[in-house]
K.L.:
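To start, I am sharing the structure in question, which I have written as C-alpha cells.
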Amino acid sequence: METVRIRPREEFRTAIRSRLAELSWPSEEIVVERPGDPEHGDWSSPIALALARPLKRSPREIAAELVADLDLNPDSFGEVSVAGPGFINVRLAPRYLQEVVRDILTQHESYGRSDRLKDRKINVEFVSSNPTGPLHIGHARNAALGDAIASLLESQGASVTREYYFNDAGRQMDMLGASVHARYQQLWDPSFPFPEGGYQGEYIRDLAKALRDEAGDRWLETPIEECSTAFREFAGERMNTAIRADLDRFRVAFEVWFNESALYTDDRLKATIADLKDAGAVYEDDDAIWFRASEFGDAKDRVLVKRTGQPTYLLPDIAYHRDKHERGFDTAIDIWGADHHDYAIRMRAALGALGYPPDWLRPVIYQQISLLEDGQEVRLSTRSDRMVLLQDLMDDIGVDVTRYFLVMRKGDTHMVLDLDLARRQTEENPVYYVQYAHARISSVFGRLEEPAWDPETAGVPDSLDLLTAQTEIDLLRMLDDYPDVIADAADALEPHRITDYLESLARRFHLWYHGEHILVEDEPLARARLALARATQYVLRAGLGQLGVTAPESM
RNA sequence: GCGCCCGUAGCUCAGCUGGAUAGAGCGACGGCCUCCGGAGCCGUAGGUCAGAGGUUCGAAUCCUCUCGGGCGCACCA
C-alpha cells in the first residue's frame with residue numbers, strides 16, 4: 001500500500017491536542033466535525049465551548065488563545081478562524097484537495113482501504129436460513145447487509161470469514177419431510193391429509209412433483225415411518241441447493257457452510273454444558289438442565305436440555321458460537337432479524353458465562369420489511385402464505401437494485417419497500433442515479449480523441465492545480481471524505497452510510513459536469529479534469545463494489 | 001403486563017461519539033437539450049424533529065414519563 005498522507009482531520013485534532021498540552025489545559029476528547037454549513041469551513045471543533053466551564057473563561061477567548069499558535073501544515077490547511085460562540089474552523093488548502101486526485105489515481109483500488117484491523121479475525125454469520133423453504137425478502141435484507149458488512153470490515157484489513165449456519169438437525173426438518181410426503185401422496189390421492197403445522201407454499205408441491213419425476217410411485221405404499229428419512233433428505237438437499245443457487249446469483253459467497261448436525265457427531269454439546277457447569281451457570285430442575293441466564297443479564301433462566309433428554313435450540317447454538325471462538329475469531333458478528341433480539345441477549349449471556357469478552361459477539365439486528373404493493377402495505381412473515389421470494393425480486397428489479405435498496409436504510413428502521421416503484425425501474429431510483437454518474441464518465445472517455453490524456457495510460461498530470469472551480473473544490477472535498485466514510489461505516493457496521501455517500505458523490509459529480517466542460521481545448525486543463533473524472537469513477541466503483549453492486553460502463 | 005426497536009417535510013428516509021439558521025430523494029409547481037448521454041441540472045413550496053418534563057453554555061440526538069406503531073416474551077426452531 002502506498003504511503004497515505006495524514007488525514008487533515010487527524011492532523012487538526014493532533015494540533016489541538018498538543019496546543020492544549022502546551023497550555024496545560026484538559027484534553028479528554030477532542031471533537032472534530034464537519035460543519036453543517038460549508039461556509040464555516042471544512043473542519044470544525046467546538047473544543048473551546050467545552051472548555052469554557054472548567055476554565056471559567058469565555059469560549060471565544062479560549063478559542064483565540066488556542067488558535068494563536070496552532071501547528072498546522074500549510075500544505076494541508078488554509079484559513080483558520082474563530083466563529084460563532086467559539087468554534088474553531090479550518091479550511092483545507094486547495095493544494096491539498098487537488099492532490100487527492102493523485103492519491104486516488106496512484107492508490108487506485110486501495111484508496112479508502114486501510115490496514116488498521118489487520119490483526120483482527122472476524123466471523124460474519126448471516127442468512128443462516130433453515131433449508132425448509134426458499135429465501136424470501138427478509139433473508140435478502142439479511143444477505144445484503146451481512147455481505148456488505150463483511151466487505152466493509154475487509155476494507156479495513158480484517159480477515160473476514162463469511163459463514164452460513166444450517167439448522168439441519170431439528171424437528172423442522174422432519175416437518176419438511178412430512179409436508180413433502182403429504183403432497184407426494186396427494187398427487188395420487190388429493191384427500192390425503194396434510195400434517196398440522198406443515199409447510200404451506202407452492203415449493204412443497206414442486207418438491208413432491210420432483211420426487212415423483214425421479215422415483216415414480218416407489219414410496220406410494222411405504223408407511224411414513226419407513227420413508228420419512230428419505231423424504232427429509234430429499235427435500236433438505238433440494239432446498240439447500242436452491243438456497244445456494246439464489247445466493248450465488250445474489251453475488252454472495254460463503255467460505256464456510258456449517259451444519260448444525262456436525263455439532264452432534266462428537267461431544268461438543270456435552271463439552272459446552274461442562275464449560276457452563278464449570279462456570280457455575282448450570283443446574284437441574286424438573287428433570288431438565290437449565291442455564292442460569294438470569295445471572296448473566298437475561299430476563300430468566302433457559303432450558304438447555306429438555307426433560308425428554310433432547311437439547312433445545314439454544315444449546316447447539318451456544319456450542320456453535322463456542323466453536324467459532326475455538327477457531328480463533330476475535331469477534332463474531334451475527335446478522336439477525338428483529339424476532340431474534342431477545343435471543344441475542346440470551347446468547348450474549350451464555351457467552352458471558354463462558355468468559356468471553358462482552359463485545360465478542362456483536363449482533364446486528366435488522367427490522368422487518370413491509371411491502372407496498374398496489375398501494376397496500378403487506379407485512380411479511382415466514383409463516384405467511386404471502387412471500388416475496390428473493391428469486392422473484394431478482395427477476396423483477398435485478399440484483400443491483402435489490403442489493404442497493406436493502407442496504408440503503410439503517411438496519412433498525414422498519415423499512416417499507418414500494419414494490420411497484422422498484423419494479424418500474426425508472427429515474428426515481430437512486431441506484432441508477434449513482435450508476436449513471438459512473439457510466440457518464442466512461443462515456444466522456446469514449447469521446448476522448450487523445451488517449452494519451454487519459455491518466456490511466458499517461459499517469460497523473462502536473463496540472464492538478466488548475467482544478468479551482470467551486471464545483472471542483474466541492475467534488476474534491478467529497479472524494480477526500482471517502483476513507484473516513486468507509487472507516488466509520490465499518491466500525492458502526494452500517495452499510496447505509498455508503499449509499500448516502502455515493503448519492504452525494506454522484507450529485508457532486510453531476511453538478512460539476514454541468515458547470516464545467518471536461519473535454520476542453522486547453523490540454524493541461526483537460527488533463528486535470530480527466531484526472532478528476534477518473535478519480536471520481538474509481539471511488540464510485542469502489543463504493544458500489546463494497547455493496548456488491550456493479551458499476552456499468554454504459555446503461 | 002414485561003423486554004427490545006421505531007415515531008424527523010405529502011411519501012420513503014439521512015442526521016456520525018449532543019454543537020452554529022433541521023437535510024436528501026421521490027411527489028407538487030416553474031424553468032434548462034445548436035454544447036462531453038436530459039437516467040441529468042437549476043429554482044419554488046413544504047417540518048410545533050409524536051407529546052410533556054429534565055440534564056446542559058447548547059438537545060432531533062442523553063434521561064424520565066405519556067401516546068402511537070413493530071417485534072419478542074416455549075422444555076418451537
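Letters A, B, ... are given to chains in the order of the sequence lines, protein chains preceding strands, and every chain is numbered from 1. Below, each value reflects all heavy atoms present in this structure, side chains not excepted, and no hydrogens, waters or symmetry copies.
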K.L.:
So A:Ser442 and A:Gln537, side-chain contact (heavy atoms from CB on, under 4.5 Å) or not? Walk me through it.
P.N.:
CA-CA 8 Å; A:Ser442 291; A:Gln537 191 176 39; 2.8 Å; yes
K.L.:
Would you confirm whether A:Asp42, through its side chain, and A:Leu92, through its main-chain N or O, come within 3.5 Å as a donor-acceptor pair?
P.N.:
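Side chain of A:Asp42 to backbone of A:Leu92: a pair is present.
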K.L.:
Base, sugar-phosphate alone, or nothing: which one does A:Asp168 contact when heavy atoms must sit under 4.0 Å apart?
P.N.:
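No contact at all - A:Asp168 keeps every heavy atom at 4.0 Å or more from the nucleic acid.
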K.L.:
How would you label the contact of A:Ile289 with the nucleic acid (heavy atoms, under 4.0 Å): base, sugar-phosphate, or nothing?
P.N.:
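Nothing, no heavy atom under 4.0 Å.
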K.L.:
Anything under 3.5 Å between a donor and an acceptor, one on a side chain of residues 446-458 of chain A, the other on a protein residue two or more places apart or in another chain? List them.
P.N.:
residue: A:Trp453; atom: NE1; partner: A:Glu523; partner atom: OE2; Å: 3.4
residue: A:Asp454; atom: OD1; partner: A:Glu456; partner atom: N; Å: 2.8
residue: A:Asp454; atom: OD1; partner: A:Arg534; partner atom: NE; Å: 3.2
residue: A:Asp454; atom: OD2; partner: A:Arg534; partner atom: NH2; Å: 2.9
residue: A:Glu456; atom: OE2; partner: A:Tyr538; partner atom: OH; Å: 2.8
residue: A:Thr457; atom: OG1; partner: A:Pro451; partner atom: O; Å: 3.1
residue: A:Thr457; atom: OG1; partner: A:Asp454; partner atom: O; Å: 3.0

K.L.:
Collect all protein-nucleotide pairs involving nucleotides 33-36 of chain B in which both atoms are nitrogen or oxygen and the distance is under 3.5 Å.
P.N.:
residue: B:rC36; atom: O3'; partner: A:Arg447; partner atom: NE; Å: 2.9
residue: B:rC36; atom: O2; partner: A:Ile518; partner atom: N; Å: 3.4
residue: B:rC36; atom: O2; partner: A:Leu519; partner atom: N; Å: 3.0
residue: B:rC36; atom: N3; partner: A:Ile518; partner atom: N; Å: 2.8
residue: B:rC36; atom: N4; partner: A:Tyr513; partner atom: O; Å: 2.5
residue: B:rC36; atom: N4; partner: A:Glu516; partner atom: O; Å: 2.6

K.L.:
Taking atom P in both B:rC29 and B:rG23, what distance in whole Å separates the two?
P.N.:
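One P to the other, the span is 25 Å.
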K.L.:
Would you kindly compare A:Ser45 and A:Gly411 by the position of their nearest RNA chain B nucleotide and give the one closer to the 5′ end?
P.N.:
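Checking each residue's closest nucleotide, the 5'-ward one belongs to A:Gly411.
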K.L.:
Contact class for A:Arg302 vs. all strands (heavy atom < 4.0 Å): base, sugar-phosphate, or nothing?
P.N.:
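Nothing: the residue A:Arg302, judged by heavy atoms under 4.0 Å, touches no strand.
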K.L.:
Nearest nucleotide by nearest heavy atom, which residue falls closer to the 5' end of RNA chain B, A:Ser554 or A:Pro35?
P.N.:
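Whichever sits nearer the 5' end wins; that is A:Pro35.
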K.L.:
Any salt bridge linking A:Asp474 with A:Arg477? Criterion: basic side-chain nitrogen under 4.0 Å from a carboxylate oxygen.
P.N.:
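Yes, this pair counts.
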K.L.:
Using a 4.0 Å heavy-atom cut-off across all strands, classify A:His40 as base, sugar-phosphate, or nothing.
P.N.:
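If one applies the 4.0 Å heavy-atom cut-off, A:His40 turns out to touch a base.
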K.L.:
So what does A:Ala439 touch, heavy atoms closer than 4.0 Å: a base, only the sugar-phosphate, or nothing?
P.N.:
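Base, at least one base atom sits under 4.0 Å.
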K.L.:
Taking N and O atoms by type only, does the side chain of A:Ser44 place a donor or acceptor under 3.5 Å from a partner on the base of B:rA20?
P.N.:
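Flag set: donor-acceptor pair detected.
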K.L.:
Look at A:Arg302 together with A:Asp298 and state whether they make a salt bridge at an N to O cut-off of under 4.0 Å.
P.N.:
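A:Asp298 and A:Arg302: salt-bridged.
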K.L.:
We want to know whether A:Asp334 and A:His340 form a side-chain donor-acceptor pair, criterion being a heavy-atom distance below 3.5 angstrom.
P.N.:
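The criterion, which ignores hydrogens and geometry beyond distance, is not satisfied for A:His340 and A:Asp334.
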K.L.:
Could you work out the separation of B:rA22 and B:rA28 based on their P atoms and round it to a whole Å?
P.N.:
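Here B:rA22 and B:rA28 have their P atoms 27 Å from each other.
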K.L.:
Taking the side chain of A:His510 as heavy atoms from C-beta outward, which of B:rC41, B:rC71, B:rA39 is closest to it?
P.N.:
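Selected nucleotide (nearest to the side chain): B:rC41.
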K.L.:
Using both distances under 3.5 Å as the test, list the Watson-Crick or G-U wobble partner of B:rC67, or none.
P.N.:
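Paired with B:rG7.
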K.L.:
Between the side-chain atoms of A:Asp287 and the base atoms of B:rC75, is any donor-acceptor pair under 3.5 Å?
P.N.:
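Flag unset: no donor-acceptor pair detected.
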K.L.:
Please determine if A:Lys410 and A:Glu494 form a salt bridge, counting it only when a charged side-chain N lies under 4.0 Å from a carboxylate O.
P.N.:
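The answer is no: the pair does not qualify as a salt bridge.
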K.L.:
What interatomic distance, in whole Å, is found between C1' of B:rU66 and the corresponding atom of B:rG30?
P.N.:
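To the nearest whole Å, 45 Å.
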K.L.:
Of the candidate nucleotides B:rG15, B:rG19, B:rA77, which contains the atom at the shortest distance from the side chain of A:Pro46?
P.N.:
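Between B:rG15, B:rG19, B:rA77, the one nearest the side chain of A:Pro46 would be B:rG19.
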K.L.:
Considering only B:rA77, B:rA14, B:rC16, which nucleotide approaches the side chain of A:Arg409 most closely?
P.N.:
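Minimum distance to the A:Arg409 side chain belongs to B:rA14.
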K.L.:
Taking all non-hydrogen atoms of both residues, which atom of A:Ala353 and which atom of A:Phe291 are closest, and how far apart?
P.N.:
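Reported closest heavy-atom pair: CB-CE1, 3.8 Å.
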K.L.:
Taking the same atom, P, in B:rU48 and in B:rG10, what whole-Å distance lies between them?
P.N.:
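Pairwise P distance, B:rU48 against B:rG10, rounds to 8 Å.
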K.L.:
Out of B:rC76, B:rG15, B:rU12, which has the shortest distance to the side chain of A:Val416?
P.N.:
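The answer is B:rU12, which lies nearest to the side chain.
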K.L.:
Take atom NE2 of A:His496 and atom C1' of B:rC13, then tell me their distance rounded to the nearest Å.
P.N.:
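My rounded result for the distance is 9 Å.
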K.L.:
Would you say the side-chain atoms of A:Tyr343 and A:Asp317 include a donor-acceptor pair closer than 3.5 Å?
P.N.:
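Yes, because at least one side-chain N or O of A:Tyr343 sits under 3.5 Å from a partner of the opposite role on A:Asp317.
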K.L.:
Regarding B:rA77, can its base be found pairing with the side chain of A:Asp317 as donor and acceptor, where the two atoms are less than 3.5 Å apart?
P.N.:
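By the distance-only test, no, there is no pair.
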K.L.:
Does the structure place the NZ or CZ of A:Arg34 under 6.0 Å from the centre of the six-membered ring of A:Trp43, at an angle of no more than 45° from the ring's axis?
P.N.:
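Yes.
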K.L.:
If pairing requires Watson-Crick or G-U wobble contacts with both distances under 3.5 Å, which nucleotide is the partner of B:rA28?
P.N.:
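Result: B:rU44.
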K.L.:
Rounded to whole angstrom, note down the C1' distance from B:rU17 over to B:rA60.
P.N.:
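That atom pair is separated by 16 Å.
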K.L.:
The side chain of A:Asp37 is closest to which nucleotide in this list: B:rG37, B:rU21, B:rC75?
P.N.:
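Closest nucleotide among those given: B:rU21.
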K.L.:
Does A:Arg9 reach a base, just sugar-phosphate, or nothing at all? Heavy atoms under 4.0 Å.
P.N.:
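A:Arg9: base contact, heavy atoms under 4.0 Å.
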K.L.:
Just checking A:Ala338: base, sugar-phosphate only, or nothing, at a heavy-atom cut-off of under 4.0 Å?
P.N.:
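A:Ala338: backbone/sugar contact only, no base atoms under 4.0 Å.
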K.L.:
Is A:Ser504 touching bases, backbone alone, or none of the nucleic acid, heavy atoms closer than 4.0 Å?
P.N.:
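Answer is nothing: A:Ser504 stays at 4.0 Å or more from every strand.
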K.L.:
Is the closest basic N to carboxylate O distance between A:Glu10 and A:Arg7 below 4.0 Å?
P.N.:
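Salt bridge absent between A:Glu10 and A:Arg7.
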K.L.:
With rounding to whole Å, what would you report as the distance between B:rG47 and B:rC13 at their C1' atoms?
P.N.:
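Pairwise C1' distance, B:rG47 against B:rC13, rounds to 14 Å.
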K.L.:
What string of B, S and - do you get for nucleotides 2-11 of chain B, 5' to 3', if B is base contact, S is sugar-phosphate-only contact and - is no contact with any protein heavy atom under 4.0 Å?
P.N.:
-BBBS-----
K.L.:
For B:rU56, give its Watson-Crick or G-U wobble partner with both distances under 3.5 Å, or none.
P.N.:
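Its partner is none (no Watson-Crick or G-U wobble pair with both distances under 3.5 Å).
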K.L.:
Give A:Met415 one of three labels, base, sugar-phosphate or nothing, depending on what nucleic acid heavy atoms sit under 4.0 Å from its own.
P.N.:
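It contacts sugar-phosphate atoms only.
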K.L.:
On a whole-Å scale, what distance lies between the P atoms belonging to B:rA20 and B:rU61?
P.N.:
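After rounding to an integer number of Å, I get 13 Å for this pair.
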K.L.:
Hey, is the side chain of A:Tyr501 poking within less than 4.0 Å of OP1 or OP2 on B:rG15, counting only N and O atoms?
P.N.:
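Looking at the OP1 and OP2 atoms of B:rG15, neither is under 4.0 Å from any side-chain N or O of A:Tyr501.
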K.L.:
For residues A:Gln172 and A:Tyr313, is any side-chain donor paired with an opposing acceptor at under 3.5 Å?
P.N.:
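The answer is no; no qualifying pair exists.
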